[in-house]
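Naming convention: chains lettered A, B, ... in sequence-line order (proteins, then strands); numbering from 1 in each chain. Quick caveat, the model's predicted, so the values are computed rather than measured.
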Protein chains: 2
Amino acid sequence: MLNFSASEENYLKTIFHLQTKDNNVTTNELAERLHTRPASITDMMKKLKTRKLVNYQPYQGFRLTLEGKKAALNIIRRHRLWEYFLASKLKFNWDEVHEVAEQLEHVSNKKLIDKLDEYLAYPKFDPHGDPIPDTHGKMETSKQISLAELHLNRRARICYVANQSELLLEHLHEKKIKIGALVIVKRKFSYDDSLEIKLDNKPALTISGQLAKNVFVRHG
Amino acid sequence: MLNFSASEENYLKTIFHLQTKDNNVTTNELAERLHTRPASITDMMKKLKTRKLVNYQPYQGFRLTLEGKKAALNIIRRHRLWEYFLASKLKFNWDEVHEVAEQLEHVSNKKLIDKLDEYLAYPKFDPHGDPIPDTHGKMETSKQISLAELHLNRRARICYVANQSELLLEHLHEKKIKIGALVIVKRKFSYDDSLEIKLDNKPALTISGQLAKNVFVRHG
DNA sequence: AAATAAATTTAGACAAACCTAAAAAATAAC
DNA sequence: GTTATTTTTTAGGTTTGTCTAAATTTATTT
């Protein structure tokens, strides 16, 4: 595996997140995301092009080559493994892990990451619900979403609860909402963002938008 | 706590290790230790002086200010905590941890380090037997002695290995001599300074005086 | 299709952290 | 106490990754 500077890694990772099947990443888009200036993007694209990590023709935007994608997935693997570590072992809140992982991800030592992965028992998703690539860059294709984002009548399973305050946990207990339960959203009330859901095919119940935002599910 | 570049941190840490009560650190000394050129040391000393981290008068060598020492201890704390983590949780060999910790130590986030410390149950010594500073820079001072100096039949624990050459480390591995092991010197042969020792109450083995001088223990 | 606006690139500069080669200071040798 | 040697510093240069301002290309209006 080649070696990259922290800067190069941030570019690769961010291009990966921005590029889609049919849309190249643009200079301005990337500049904004990286809190840098368009001129800096152009500079770096030239460099990444000579390293064969991006395809780039002036004024045409850019996308990762296969090699670039491989590198990006490796960086994302590190980031998400550290996020998982921070949340599960060090008891960081899920909304605090990203910032720290941004730094840890640049420590590049294959053995470290593979041993960390093993230590964490090969987790498949990070605390935000994003899939963690394995050593070969392969990962699950589903993403964890909040109950508030779940479409009507789609079957999903509760897999995570964010912001685990005393009050929230008590409320969940009250409503008998548990990790692993099958859930289907039956109605959405845009007036107050509350939802009517069914849990494990039991009678429907209503929950607040507040609550729905903190309960996460995965399709399937 | 102020913010330092990885480079600055390496300088601070290394000055801390080199400076003694009565001897300033010299330019060449530091250059050799950091695998850099003397001219680069001078450059950096000027910078660290304006930041009030070292006392430095041209041609007179340098030493850390109180502020610089505080910073150095913080970096050493990070380094040794990561070493401990790598050895105790990720099952790295104790002779592999240094290299990885050299990278991890530059991730600066107080909460991360304090939570790591807590997670590791506030270890007092790293896998090489060096004491780990606490949040305030305080650490154990207990005197280590070499195995060669240990009295007959006194129980002690192996806590440190000096002169960590490839050969020495390999030899230790061969003899299954590990940090943390309980050791008792059973006989001393003045003919060649070799020793007969017991490790963790397993059958006695013989080691050379050469080796004994490089293996350090702590009573207890 | 010409004019205007927006996006992108080029040109030139800067800071950090290193380098080499030459000069200066301190130390050691005679 | 000069001279020679070693150590340290200065002067000037390089690379990486950033910047601003100006030029250029592409896209949008009218």
Nearest-angstrom distance from the residue atom CG of A:Asn3 to C1' of D:dT16:
15 Å
Considering only C:dT8, D:dT8, D:dT9, which nucleotide approaches the side chain of B:Thr26 most closely?
D:dT8
Starting at the 5' end of DNA chain D and moving along, which residue's nearest nucleotide shows up first, A:Ser40 or A:Pro58?
A:Ser40
Cation-pi geometry met for A:Arg63 and A:Tyr56 (6.0 Å, 45°):
no
Phosphate OP1/OP2 of D:dT18: any A:Ser7 side-chain N/O under 4.0 Å
yes
For B:Phe85 together with B:Phe92, are the ring centres under 6.0 Å from each other?
no
Could you tell me the separation between the CD atom of B:Glu8 and the C1' atom of C:dC18, rounded to a whole number of Å?
14 Å
Tell me the interatomic distance from B:Ile41, atom CD1, to D:dT7, atom P, rounded to whole angstroms.
14 Å
Please state how far atom CD in B:Gln57 lies from atom C1' in C:dA25, giving the value in whole angstrom units.
15 Å
Separation of D:dT9 P from B:Leu48 CG (nearest whole Å):
13 Å
Can you measure A:Asn24 atom CG to C:dT8 atom P for me and round it to whole angstrom units?
11 Å
Closest to side chain of A:Thr36, choosing from D:dT9, C:dA11, D:dT18
D:dT18
Respond yes when some side-chain nitrogen or oxygen of B:Thr42 is under 4.0 Å from OP1 or OP2 of D:dT9, and no when none is.
yes
Between B:Asp192 and B:Ser194, a side-chain donor and acceptor under 3.5 Å
yes
Can you see whether A:His79 engages A:Asp126 through a side-chain donor-acceptor pair at a distance of less than 3.5 angstrom?
no
So, B:His173 and B:Asp95: side-chain donor and acceptor under 3.5 Å apart, yes or no?
no
Given C:dA24, D:dA11, D:dT20, which nucleotide is nearest the side-chain atoms of B:Tyr59?
C:dA24
Picking from D:dT26, C:dT8, D:dC19, the nucleotide nearest the side-chain atoms of A:Asn28 would be C:dT8
Base, sugar-phosphate or nothing for B:Thr27? Non-hydrogen atoms, less than 4.0 Å.
sugar-phosphate
Counting side-chain heavy atoms from CB outward, which of D:dT18, C:dT20, C:dC18 is closest to B:Arg37?
C:dT20
By the 4.0 Å heavy-atom rule, please label B:Phe62 as base, sugar-phosphate, or nothing.
nothing
For a quick test of reading the model: is some side-chain N or O of A:Tyr56 closer than 4.0 Å to OP1 or OP2 of C:dT9?
yes
Testing D:dT18, C:dC18, D:dT9 for proximity to the side chain of B:Pro38, the answer is D:dT9
From C:dC19, D:dT18, D:dC19, nucleotide with atom closest to A:Met44 side chain
D:dT18
Please tell me if A:Lys46 has a side-chain N or O lying less than 4.0 Å from either OP1 or OP2 of C:dT10.
yes
Side-chain (A:Ser88) to main-chain (A:Tyr84) donor-acceptor, under 3.5 angstrom:
yes
Mind calculating the distance between CG (B:Asp43) and P (C:dA16) to the nearest angstrom?
12 Å
For the pair made of CD in B:Gln60 and P in C:dA26, what is the distance, rounded to whole Å?
7 Å
